[in-house]
Amino acid sequence: MSAQILDGKAIAAELRDSIRQEVDNQVSQGNARPGLAVILVGEDPASQVYVRNKKIACEKAGFNDVSEVLPADTSEEDVLALIDKLNADETVHGIIVQLPAPDHIDPEKIIERIDPKKDVDGFHPYNVGRLATRMPTMAPCTPHGVMTMLAKTGIPIRGLDAVVVGASNIVGVPQLLELLNERATVTVCHSATKNLAEKVGQADLVVVGVGIPEMVKGDWIKPGAIVIDVGINRMDDGRLVGDVEYDVAKERASWITPVPGGVGPMTIATLLENTMKAAYRK
Ligand code: GUN
């Protein structure tokens with residue numbers, strides 16, 4: 001049997017519409033439009049695509065876009081000074097620095113410099129700590145977008161055996177916290193994990209975010225499992241593929257996210273949601 005598709009594209013479009021309506025509503029009451037600053041340092045081609053997509057989504061949602069593209073040789077000091085300026089700017093409600101940054105820039109320093117109230121990526125230790133102590137404020141966009149997609153599709157999480165493949169700060173670790181907060185039993189796998197195939201094969205829900213094309217094989221998936229593929233990898237022939245071997249996995253899973261059109265659009269819609277929250281939170 002072929003899996004049902006978790007239609008991130010459609011769910012994200014709905015979420016963006018409701019955000020647009022809320023912004024119009026707030027503006028008609030005399031409130032400001034949410035302002036989002038996306039900072040890109042350098043010319044990483046994948047980052048350029050992400051930043052362009054974020055910019056388009058921002059404009060469509062009625063936000064003010066105050067993005068800045070800086071040359072690859074911009075000093076760390078200058079990036080920190082820009083963050084200080086944006087922290088102090090009342091028209092800017094959200095600030096993100098697209099990662100990875102060039103090697104001479106320390107991402108930890110950047111993340112800690114952003115005012116936690118404007119940290120719409122949810123990467124600042126304050127916001128990660130809030131999520132870990134079940135008092136979420138600003139949650140990282142990709143894992144939170146996954147949770148929204150599951151909730152809107154009507155898939156209950158409580159009691160599921162979940163396996164997260166990848167333990168990054170952007171995906172794996174906050175995904176663990178999100179799933180745990182919804183009462184799943186969670187195993188996080190990474191490059192030192194033994195018997196990965198076996199662990200994946202026991203999962204009712206698998207979330208994969210490793211950035212390696214088709215790393216999780218389709219025949220590892222337990223029949224009836226839910227498969228969430230966070231990966232998006234451009235192949236030499238131009239094709240986009242996920243971190244899961246889709247064609248085989250979809251014959252075993254009950255639900256699966258397509259690549260593209262699954263998790264990616266949810267990440268961007270969640271960024272807008274976080275920025276709107278930052279703008280109108282009293
Ligand atoms: N690079 C890959 N994903 C992300 C993200 O969600 N936020 C930022 N700032 N950089 C990223």
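When a ligand or atom number is given, it counts from 1 through the structure's own listing order.
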Minimum-distance protein heavy atom relative to atom 11 (C) of ligand 1: Gln98 NE2, 3.4 Å
Among all protein heavy atoms, pick out the one at the shortest distance from atom 3 (N) of ligand 1; state its residue, atom name and that distance to 0.1 Å. Ile170 CG2, 3.9 Å
Taking the side chain as everything from C-beta on, heavy atoms only, tell me whether Cys189 gets closer than 4.5 Å to Val163. yes
Would you say Ile155 and Leu6 make side-chain contact, with heavy atoms under 4.5 Å? yes
Does [X] reach ligand 1 with a nitrogen or oxygen that is under 3.5 Å from one of the ligand's nitrogen or oxygen atoms?
{"X": "Tyr50", "value": "no"}
{"X": "Thr267", "value": "no"}
{"X": "Leu99", "value": "yes"}

If you measure from atom 9 (N) of ligand 1 to every heavy atom of Asp121, Asn169, Ile96, which option wins on shortest distance? Asp121
In terms of heavy-atom contacts, Ile114 and His124 come closest through O-CD2, 3.4 Å
What one should report as the nearest heavy-atom pair of Asp65 and Glu59 is OD2-OE2, 3.9 Å
Checking His104 against Glu76: is there a side-chain donor and acceptor pair closer than 3.5 Å? no
Val97: numbered ligand 1 atoms lying under 4.0 Å from its heavy atoms: 8 (C), 9 (N)
Given salt bridge (Lys or Arg N to Asp or Glu O under 4.0 Å), test Asp219 with Arg252 step by step and report yes or no. CA-CA 8 Å; Asp219 64 5; Arg252 298 171 70 90; over 6 Å; no
